[in-house]
Undergrad: 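Let me begin by handing over the structure; questions about it come next.
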There are 2 protein chains.
Amino acid sequence: MSDTDKPGEISASRPRPRTNPRRTPEAAQSGAAGRRRLSMVDVAAHAGVSIGTVSNVLNRPELVAEPTLLRVREAIKTLGFVPSAPARQLRAGTSRSVGIVVRDIGNPFFTEVLPGIEARLSQEQLLLVVCSSGDSLEKEAHHLQTLEQHRVAGILITPAGDDVGHLVELHRRGIGIVLLDRLGAGSQLCTAAVDNVRGGELAGRHLLSLGHRRIGFLNGPSIVRQCSDRRQGLFRAIRDAGLDPEDVVTEVSLPALTAQGGETGLDELLARTRPTALFCVNDMVALGALRGLERRGIAVPDEMAVMGYDDVEFAALLSPSLTSVRQPKHQLGQAAAELLLTDSRGDANHWHQEIVFQPELVVRASTSALPRSRDH
Amino acid sequence: MSDTDKPGEISASRPRPRTNPRRTPEAAQSGAAGRRRLSMVDVAAHAGVSIGTVSNVLNRPELVAEPTLLRVREAIKTLGFVPSAPARQLRAGTSRSVGIVVRDIGNPFFTEVLPGIEARLSQEQLLLVVCSSGDSLEKEAHHLQTLEQHRVAGILITPAGDDVGHLVELHRRGIGIVLLDRLGAGSQLCTAAVDNVRGGELAGRHLLSLGHRRIGFLNGPSIVRQCSDRRQGLFRAIRDAGLDPEDVVTEVSLPALTAQGGETGLDELLARTRPTALFCVNDMVALGALRGLERRGIAVPDEMAVMGYDDVEFAALLSPSLTSVRQPKHQLGQAAAELLLTDSRGDANHWHQEIVFQPELVVRASTSALPRSRDH
DNA sequence: TCCCGGGGTTGAAATGTTTCAATATTTTGT
DNA sequence: ACAAAATATTGAAACATTTCAACCCCGGGA
């Protein structure tokens with residue numbers, strides 16, 4: 001310990017005697033006044049070793065002799081010492097945590113992706129900090145700023161907006177970044193995603209094959225990439241069938257991709273037109289739409305076919321069971337985590353990878369062929 | 001880097017050669033070697049002030065003269081300086097983040113409670129770290145340890161196990177703790193919860209009033225407090241009706257409170273007996289049970305009434321719509337956050353509060369009166 | 001002229017780790 | 001028995017911030 005410091009002597013020897021230790025080592029030891037958290041020096045004192053050795057016990061036990069090891073571990077246990085992550089991190093420069101910024105934590109899609117991510121990250125002893133942006137650019141920016149301040153090793157993000165410039169900038173400053181479920185920045189950032197254009201196309205083909213020619217589309221704001229991608233796929237399917245998307249689709253842009261948003265979006269749609277089929281940009285929106293349709297007494301699928309997107313866990317058991325586009329969520333999560341790990345290892349010049357999974361159509365009871373009577 | 005160190009010279013000239021600046025200010029300025037993150041010294045150099053002043057600009061701008069303030073802010077902006085949370089935290093001893101440990105992030109109940117919590121905490125500029133224990137005591141312990149290492153200001157937790165001793169201990173070490181949705185430790189810790197006994201009772205009364213006398217109960221492990229509380233309420237309702245719970249209830253204890261768990265639990269139940277009603281300890285379990293019943297071709301509610309618990313968002317739209325017990329989730333979240341804020345302010349001797357909300361029965365299509373033909 | 005007060009700024013200590021060169025101790029080889 | 005090598009431990013610097021006593025400068029009052 002520094003109890004060899006005789007203050008008088010020191011202040012005599014130095015020009016500016018600023019040394020005023022708030023509490024003497026003895027005070028710290030006796031723990032009388034008490035509430036200081038213990039640190040490695042306490043452990044070291046208790047075990048009769050230096051703090052360097054304590055550090056070695058914690059991080060490189062193979063360097064420490066058996067008896068010392070036991071003694072120090074004993075001290076740690078009896079004292080109840082818990083190392084300080086901030087201090088560790090300050091010294092190391094790098095932290096053992098990564099952040100994930102999702103658009104809406106209330107959407108089961110994300111919570112179903114999460115386990116895949118967590119599984120991989122906890123193997124590496126990484127702490128996952130979950131933030132939800134609620135599709136607000138300000139909130140997203142705030143979360144990113146906080147995460148950067150915390151010097152997280154990396155960030156998984158489904159950006160709320162269209163522009164990824166700020167993320168590229170963040171990456172340039174040394175933080176690993178992986179875009180989750182958001183294609184289209186392949187050359188600049190790593191990405192793990194499901195092909196949303198393809199998914200939209202699957203949905204479109206399905207509805208067309210059932211004979212539908214007037215399709216309502218409850219979509220999100222077009223700056224959300226998933227939304228514009230799915231629309232693009234839908235339109236492609238329609239064009240491939242020799243039709244004009246403008247004639248077939250009535251699109252409503254929802255402010256929020258929630259059940260509530262879906263329900264009010266339905267009202268707006270029905271005030272404009274009465275399609276025979278409804279494509280909802282995700283299952284939560286479809287949930288709200290179904291609720292609205294039930295309220296209005298419009299039968300599904302007889303009077304209106306409805307399909308969702310994501311195939312979340314409850315989709316199969318809705319009334320009626322919901323046709324949807326399934327995404328390999330667990331794999332997506334795992335792949336994203338894997339990418340983040342390599343990206344934040346900071347091999348500055350590794351290639352940005354774009355991992356793309358393929359979606360899959362799942363047909364259930366909520367979509368059926370258009371009855372001839374209502375064919376046009 | 002430390003090439004300015006001529007060890008021989010220094011160790012010769014000074015008794016204690018502590019000063020070896022790794023990089024000269026010029027080196028920092030030129031940024032040639034590059035990849036060091038910038039710190040307040042860079043800002044200070046750029047603005048021509050001391051780091052103390054930079055700190056003041058950041059934390060107590062009212063102490064700084066106008067022109068200096070502007071100059072420093074300018075420097076911060078042009079340099080793109082981002083303060084280091086770990087360093088700040090190390091010095092301050094306290095952090096701006098709190099943790100929440102939930103049992104299962106995949107359960108919409110939790111994600112529906114979350115917004116209430118976040119709303120309150122982000123007002124205080126606090127970062128919320130979400131962890132999921134998956135009902136594993138080891139995982140929970142690991143999360144708690146990590147959070148303690150990070151010196152979070154407080155922890156919201158729905159404990160996986162029955163014992164809260166370790167949490168009390170944690171609290172004693174100065175971390176704010178609030179139990180979420182887990183009554184019964186009122187004297188030791190703050191709690192925000194919904195009365196689960198009452199909820200179980202509501203469910204029991206409802207099923208009994210419909211004439212059911214053989215009730216299957218898909219419950220979780222009894223060490224999970226919510227589960228034992230709901231059972232207790234169910235049993236109370238049965239006794240109040242002058243019946244013996246042993247005769248009425250067949251209980252299956254699920255390892256996991258998920259849809260998958262519910263589905264396999266149903267198999268186990270039906271292998272033992274064939275009740276007329278099913279009480280599922282939460283809506284996810286009910287989801288799985290419904291899936292299993294559909295697979296077996298057992299009609300709900302005609303051949304078997306089913307009810308869940310939590311009234312999550314999708315419950316109203318399942319096929320058939322699910323009778324459930326509603327909990328005021330948003331309020332619960334807000335109250336919990338509020339408690340945590342007062343608890344972690346560390347007024348050591350404040351009373352531990354227990355805030356209890358009342359649940360509410362929501363009757364839907366999945367439960368109906370027992371047909372006389374099947375009365376026993 | 002001197003002293004006082006006060007706003008602005010500075011310098012250095014302190015926070016709890018990790019790292020690593022230097023030293024102390026033990027073992028091995030000859 | 002001695003040098004060399006291997007092993008174990010130590011001491012102090014460094015990480016980026018906050019805090020606070022000390023200092024400087026300037027104007028005003030006695």
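Everything quoted here is computed from the prediction, not taken from an experiment. Naming convention: chains lettered A, B, ... in sequence-line order (proteins, then strands); numbering from 1 in each chain.
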Undergrad: What is the distance, to the nearest angstrom, from the CG atom on Asn56(B) to the P atom on dT19(D)?
TA: 9 Å
Undergrad: Establish, with yes or no, whether the OP1 or OP2 oxygen of dT19(C) is under 4.0 angstrom from a side-chain nitrogen or oxygen of Arg60(A).
TA: yes
Undergrad: For DNA chain C, what residues of residues 69-81 of chain A have any heavy atom nearer than 4.0 Å?
TA: Phe81(A)
Undergrad: Please report, to 0.1 Å, the donor-acceptor pairs under 3.5 Å made by any side chain of residues 76-84 of chain B, with sequence neighbours excluded.
TA:
| unit_1 | atom_1 | unit_2 | atom_2 | d |
| --- | --- | --- | --- | --- |
| Thr78(B) | OG1 | Glu74(B) | O | 3.4 |
| Thr78(B) | OG1 | Ala75(B) | O | 3.3 |
| Ser84(B) | OG | Ala87(B) | N | 3.2 |

Undergrad: With a cut-off of less than 4.0 Å, is there a side-chain N or O of Ser84(A) near OP1 or OP2 of dG16(C)?
TA: no
Undergrad: Reading DNA chain D from 5' onward, which residue's closest nucleotide shows up sooner: Ala65(A) or Ile51(A)?
TA: Ala65(A)
Undergrad: Do the two ring centres, one from His171(B) and one from His352(B), sit under 6.0 Å apart?
TA: yes
Undergrad: Check whether the side chain of Arg91(A) and the base of dT17(C) form a donor-acceptor pair under 3.5 Å.
TA: no
Undergrad: How many Å lie between CG on Leu58(A) and C1' on dT17(C), as a whole number?
TA: 10 Å
Undergrad: Backbone N or O of Val152(B) within a donor-acceptor pair of the Gln89(B) side chain at under 3.5 Å?
TA: no
Undergrad: For Arg73(A), what residues pass the side-chain contact (heavy atoms from CB on, under 4.5 Å) criterion, not counting sequence neighbours?
TA: Val57(A), Pro61(A), Leu69(A)
Undergrad: What pairs with Glu148(A) under salt bridge (charged side-chain N to carboxylate O under 4.0 Å, His left out), at least two apart in sequence or on another chain?
TA: Arg173(A), Arg37(B)
Undergrad: Only pairs under 3.5 Å count here: list side-chain donor-acceptor contacts from residues 92-102 of chain A, not counting sequence neighbours, and write none if there are none.
TA:
| unit_1 | atom_1 | unit_2 | atom_2 | d |
| --- | --- | --- | --- | --- |
| Ser95(A) | OG | Ser97(A) | N | 3.2 |
| Ser95(A) | OG | Ser97(A) | OG | 3.1 |
| Ser95(A) | OG | Arg151(A) | O | 3.2 |
| Arg96(A) | NH2 | Glu124(A) | O | 2.4 |

Undergrad: Round to a whole Å and report the spacing from NE2 of His150(B) to C1' of dG16(C).
TA: 14 Å
Undergrad: Output the rounded distance in Å from CG (Leu90(A)) to P (dG16(C)).
TA: 12 Å
Undergrad: Would you mind reading off the bend of the helix from dT1(C)-dA30(D) to dT30(C)-dA1(D) from its two end axes, five pairs each, to 10 degrees?
TA: 60°
Undergrad: Using a cut-off of strictly less than 4.0 Å, decide whether Ser50(A) has a side-chain nitrogen or oxygen near OP1 or OP2 of dT9(D).
TA: no
Undergrad: Distance-only, no hydrogens or angles: does the Arg103(A) side chain make a donor-acceptor pair with backbone N or O of Asp135(A) under 3.5 Å?
TA: no
Undergrad: Hey, does the side chain of Ser55(B) come within less than 4.0 Å of dT18(D)'s phosphate (OP1/OP2), counting only N and O?
TA: yes
Undergrad: Nearest-Å distance, CZ (Arg88(B)) to C1' (dT19(D))?
TA: 14 Å
Undergrad: How close or far is atom P of dG7(C) from atom CD of Glu62(B), stated in whole angstroms?
TA: 12 Å
Undergrad: Taking CG from Asp42(A) and C1' from dG16(C), how many angstroms apart are they, rounded to a whole number?
TA: 11 Å
Undergrad: Heavy-atom nearest nucleotide on DNA chain C for Pro83(A) versus Val49(B): which residue maps closer to 5'?
TA: Val49(B)
Undergrad: Just to be sure I understand the rule, does Ser39(B) reach a base, reach only the sugar-phosphate, or reach nothing, if contact means heavy atoms closer than 4.0 Å?
TA: sugar-phosphate
Undergrad: When the distance from CE of Met40(B) to P of dT15(C) is rounded to whole Å, what number comes out?
TA: 18 Å
Undergrad: Arg151(B) or Leu63(B): which one's nearest nucleotide on DNA chain C is closer to the 5' end?
TA: Leu63(B)
Undergrad: Test Ile157(B) against every option in Leu147(B), Leu180(B), Leu144(B) by the side-chain contact (heavy atoms from CB on, under 4.5 Å) rule and name the one that passes.
TA: Leu144(B)
Undergrad: Could you report the tightest heavy-atom contact between Cys190(B) and Asp343(B), atom names first, then the distance?
TA: SG-OD1, 4.0 Å
Undergrad: With a 4.0 Å cutoff (strictly under), does any side-chain N or O of Thr68(B) reach OP1 or OP2 of dT9(C)?
TA: yes
Undergrad: Taking all non-hydrogen atoms of both residues into account, name the closest pair between Ile155(A) and Leu170(A) and its distance.
TA: CD1-CD2, 4.0 Å
